[in-house]
Amino acid sequence: MTEPLEQSAAVSESAGGEPTTGFELFPDRSVVAMRVDGELWDLAREVPAGSEPEAVLIDSADGLAILRHSAAHVLAQAVQSINPEAKLGIGPPVTDGFYYDFGVAEPFTPDDLKAFTKEMERIQRAGQRFRRRVVTEDEARTLFASEPFKLELIGLKGAVGESEDGESVEVGGAELTVYENVDPKSGDVIWKDLCRGPHVPSTRVLANGWALTRIAAAYWRGSEKNPQLQRIYGTAWPTKDDLRAYQERLEEAAKRDHRRLGAELDLFSFPDEIGSGLAVFHPKGGIIRQEMEQHALRRHREAGYNYVYTPHITKADLFWQSNHLVTYKEGMFPPIRMDEERDEFGEITKLGQDYYLKPMNCPMHILIYKERARSYRELPLRLQENGTVYRNELSGALHGLTRVRGFTQDDAHLFVTPEQLETEVAKVLEFVISMLRDFGLTEFELELSMKDDEKGKWIGSEEFWQSSTDALRHVALASGLKLTEVAGEAAFYGPKIDLKTRDAIGRVWQLSTVQVDPNLPERFELEFTDSDGAKKRPIMIHRALFGSIERFFAILLEHYAGAFPLWLSPVQVVGIPVADEYADYLGGVIDRLRGEGVRAELDASDDRMQKKIRTHTKAKVPVQLIAGEEDRAAGAVSFRFRDGSQRNGVPVAEAAALIRAAIADRRQVLTADDLG
RNA sequence: GCCGACUUGGCGCAAUUGGUAGCGCACCCGACUUGUAAUCGGGCGGUUGCGGGUUCAAGUCCCGCAGUCGGCUCCA
């Protein structure tokens with residue numbers, strides 16, 4: 001993509017001049033719209049005297065959105081031309097593409113998709129113009145009399161103002177507008193849609209840079225109480241080459257999908273016999289996970305955290321007291337009834353006791369705090385646990401290791417005085433980032449989730465929200481990271497900061513969360529004795545760095561595409577003798593490395609050297625040590641790295657030192673130069 | 001949970017309009033082994049996710065269930 005050109009044009013105020021359109025101002029074909037006084041306009045519109053329109057290029061963010069939204073219109077026209085009964089939902093642009101929702105009696109099939117594609121190609125070739133028309137609400141109701149969803153949107157306009165992203169595309173503007181697709185030869189209106197616009201000048205601008213990608217169902221206006229519509233997703237780009245590049249990116253991403261790598265590298269699986277969303281880690285995955293956990297544990301200890309252990313199940317009482325059985329019941333597994341007794345007729349003779357699998361660790365940590373009286377001298381008290389929790393996620397929501405039913409939070413609960421809140425949050429944030437850097441992540445951004453004005457959704461005093469939100473914002477700003485503030489996304493009891501990271505191929509993942517909570521201390525009546533002897537209530541900070549260890553494992557796996565840094569690699573070094581005769585010599589080197597704590601193995605199988613190299617390269621082993629006559633004679637070994645590069649004839653002692661250093665430095669080793 | 005698609009030996013895939021399952025890798029056995037991504041030969045392995053049904057005949061068609069995948073909703 002090219003840098004957007006700084007194109008703008010001042011419209012002269014010379015009296016008597018012809019009205020000027022965007023087409024005249026911006027004859028360049030790569031301009032798809034213009035920005036007039038901050039608003040996006042169609043090029044066909046007449047520019048008022050005195051304004052200074054700017055060009056919107058097709059490969060700018062706005063330009064792409066316009067292109068994609070226009071593609072959505074072409075899709076909708078194609079669908080209705082083939083199936084006139086299809087009712088129009090909404091059709092906004094999304095990341096990399098667009099979708100359009102339709103109300104239809106029968107779900108779409110892959111064959112339908114092919115037919116729609118052909119029809120879209122025909123519409124594209126026809127070079128239809130998009131024509132904007134301002135209408136009154138009554139006119140709109142008449143025009144879309146047979147489109148129930150559009151009528152609903154017309155009714156919504158003004159009633160609630162700008163709401164959900166998708167809907168604003170239809171009726172978000174100041175006035176109601178309709179876009180008509182006009183045949184360039186006859187001038188006939190072929191199709192129309194309620195739409196804020198703007199659009200590309202002609203369907204020909206689509207230039208074959210699009211493709212329909214999948215069919216899905218989606219609830220109307222995003223609520224599961226509403227009927228489901230059929231959604232068709234597509235992708236659209238300025239050129240066919242851009243489209244192809246995008247498709248290649250998808251293939252790259254698919255190759256590093258953690259579910260695929262997990263099976264290929266023998267790291268973990270989800271046996272059907274155990275149940276959906278419940279993972280088992282295999283030996284190699286176990287090593288990676290253990291290294292991750294051990295490193296994190298060490299760092300937590302250094303940072304003043306106290307490790308605790310708590311059970312996986314508890315009597316219902318605990319979650320009644322925490323209120324989770326009210327606020328989080330649907331996320332919990334059903335109870336296990338204990339000690340109930342019945343007579344021969346099935347009548348209960350002794351009441352039982354319900355136990356629940358824990359979906360959260362906090363109440364248990366709170367009980368540890370509560371076990372005895374606490375002094376201000378103990379605060380901040382940091383209780384940490386890799387606590388395994390169980391949540392009854394909807395079956396359709398499960399996804400590899402990133403969305404499971406049993407997972408382990410690297411959880412901690414920090415009990416602080418109100419005065420300590422800000423400093424402690426600052427410490428947490430610094431700690432998180434430093435730790436994530438240890439794992440090779442480098443790009444971070446923050447999101448501050450705050451309350452909004454919705455009534456009844458939030459608890460706690462206005463002062464608390466004000467001061468704690470300010471504290472979080474202050475810390476976030478001081479970090480220097482990019483900060484996004486989102487109103488309405490806070491937990492019901494307090495604000496939070498979430499940390500997001502960008503992986504090797506640019507995808508953004510939410511990892512850490514830091515939440516301020518005065519609610520649970522209140523519910524559990526937590527106290528500490530302050531220096532003046534008064535009993536006071538601590539504030540609790542919930543925080544998880546990885547979020548979920550399983551999920552973080554998946555993120556790292558995809559980030560590294562399976563090629564972990566040396567310290568995390570299940571097998572760090574594999575010895576490959578050039579021929580059988582050198583197996584003993586190389587075995588000695590491998591034994592030495594093992595003695596020094598390196599995960600090293602000798603491949604003494606009957607395979608030939610070349611085959612072994614292939615096998616271990618595919619297994620993404622970072623260091624292959626090869627030895628034949630030359631190496632043995634010199635008391636040396638030869639290195640082969642993941643990218644095929646070599647370093648030959650390195651004396652054994654030096655080789656061992658290099659390997660140990662790379663492990664200690666947590667270095668990524670892909671090529672010879674990485675070894676130092 | 002909802003909508004749709006998919007489900008063939010450990011993995012990746014084949015099986016013309018329904019005519020009673022093949023290949024590669026992996027695995028096992030034997031031989032081979034001299035410098036950086038596949039040595040050769042032989043062998044084991046599937047009542048085609050599970051349960052019904054239609055048919056002379058079902059991996060292929062129909063129904064139910066489970067699981068997986070793509071979305072929606074939700075979310076660490």
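Letters go in sequence order (proteins before strands), and every chain restarts at 1. Keep in mind the model is a prediction, meaning the values are calculated, not measured. Computation of the quantities below employed the complete heavy-atom set of this structure, encompassing side-chain atoms and omitting hydrogens, waters and symmetry-equivalent molecules.
With respect to the salt-bridge test (charged N to carboxylate O, under 4.0 angstrom), the residues A:Glu558 and A:Arg507 qualify. Salt bridge A:Lys618/A:Glu264: absent, no basic N to carboxylate O contact under 4.0 Å. Residues A:Arg502 and A:Glu445 are paired through a salt bridge, judged by an N-O separation under 4.0 Å between the basic side chain and the carboxylate.
In this structure, a donor-acceptor pair under 3.5 Å is present between the side chains of A:His282 and A:Ser269.
Taking the ring centroids of A:Phe492 and A:Trp458, they lie at or beyond the 6.0 Å cut-off.
Heavy atoms of A:Glu581 sit under 4.0 angstrom from at least one base atom. When heavy atoms are screened at a 4.0 angstrom cut-off, A:Gln510 is found touching the sugar-phosphate backbone but no base atom. A:Glu393 comes within 4.0 angstrom of a base, heavy atoms only. When heavy atoms are screened at a 4.0 angstrom cut-off, A:Val404 is found touching base atoms of the nucleic acid.
For the pair A:Arg640 and B:rA37, the criterion of a side-chain N or O lying under 4.0 Å from OP1 or OP2 is met. Side-chain N/O atoms of A:Lys611 include one lying less than 4.0 angstrom from OP1 or OP2 on B:rA26.
Each of A:Pro107 and A:Ser645 was matched to the nucleotide of RNA chain B holding its nearest heavy atom; the match closer to the 5' end belongs to A:Pro107. Both A:Glu629 and A:Arg614 sit near RNA chain B, but only A:Glu629 has its closest nucleotide nearer the 5' end.
Spacing of P atoms, B:rU7 relative to B:rU16, comes out at 14 Å, to the nearest Å. Using P as the reference atom, B:rG45 and B:rG35 are 39 Å apart when rounded to the nearest Å. To the nearest whole angstrom, the two C1' atoms, one in B:rC23 and one in B:rU48, are 16 Å apart. Of the C1' atoms belonging to B:rA15 and B:rA21, the separation is 7 Å, rounded to the nearest Å. Distance noted for atom P between B:rG52 and B:rA58: 14 Å (whole Å). The gap from the C1' atom of B:rC3 to that of B:rA76 amounts to 26 Å, rounded to the nearest Å. Nucleotides B:rA5 and B:rG10, compared at atom P, are 27 Å apart to the nearest Å. Here the separation of B:rC69 from B:rA26, taken at their C1' atoms, is 25 Å to the nearest Å.
As rounded to whole Å, 20 Å separates atom P of B:rU36 from atom NZ of A:Lys618. The separation between A:Leu265 atom CG and B:rG12 atom P is 14 Å, rounded to whole Å. Spacing between atom CG of A:Asn392 and atom P of B:rG1 amounts to 8 Å, rounded to whole angstrom units. For the pair A:Lys612 NZ and B:rU39 P, the computed distance is 11 Å after rounding to whole Å. Rounded to whole Å, the distance from CG on A:Asp606 to P on B:rC27 is 11 Å. The interatomic distance linking A:Ile576 (CD1) with B:rG35 (P) rounds to 15 Å, in whole Å. When the P atom of B:rG4 is taken as reference, atom CZ of A:Phe116 falls 16 Å away, rounded to whole Å. Straight-line distance from the CG atom of A:Asp607 to the P atom of B:rC29: 13 Å, rounded to whole Å.
Remark: the A:Arg608 side chain and the B:rU33 base include no donor-acceptor N/O pair separated by less than 3.5 Å. Below the 3.5 angstrom threshold, one finds no donor paired with an acceptor across the side chain of A:Asn648 and the base of B:rG35. Side-chain N/O atoms of A:Arg551 and base N/O atoms of B:rA76 include no donor-acceptor pair closer than 3.5 Å.
At distances below 3.5 Å, at least one donor-acceptor pair connects side-chain atoms of A:His69 with backbone N or O atoms of A:Gly91.
Classified by its glycosidic torsion, B:rU39 falls in the anti category, the angle being over 90° from 0.
At least one cation-pi condition fails for A:Arg68 and A:Phe98: the charged atom is not both under 6.0 angstrom from the six-membered ring centre and inside a 45 degree cone around its axis. A cation-pi contact, defined as under 6.0 Å to the ring centre and within 45° of the axis, is absent between A:Arg551 and A:Trp509.
When each of A:Phe439, A:Tyr560, A:Phe281 is checked for a ring-ring contact (aromatic ring centres under 6.0 Å, His included) with A:Phe553, only A:Phe281 meets the rule. For the ring-ring contact (aromatic ring centres under 6.0 Å, His included) with A:His300, the lone residue among A:Tyr305, A:Tyr307, A:Phe546 that qualifies is A:Tyr305.
Across all their heavy atoms, A:Arg256 and A:Ala504 have their closest contact at NH1-CB, 3.8 Å.
Paired regions of RNA chain B, where each region holds three or more successive Watson-Crick or G-U pairs whose two hydrogen-bonding distances fall under 3.5 Å, are B:1-7 with B:66-72, B:10-13 with B:22-25, B:27-31 with B:39-43, B:49-53 with B:61-65.
Partners of A:Glu252 by side-chain hydrogen bond (donor to acceptor under 3.5 Å, both in side chains), not counting sequence neighbours, listed by chain and number: A:Lys255.
With its ring centre under 5.5 Å from that of the base six-membered ring and a plane angle below 30°, A:Phe407 counts as stacked on B:rA76.
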Sequence-aligned protein contact record of nucleotides 65-72 of chain B, with B where the base is within under 4.0 Å of a protein heavy atom and S where only the sugar-phosphate is: --SSSBBB
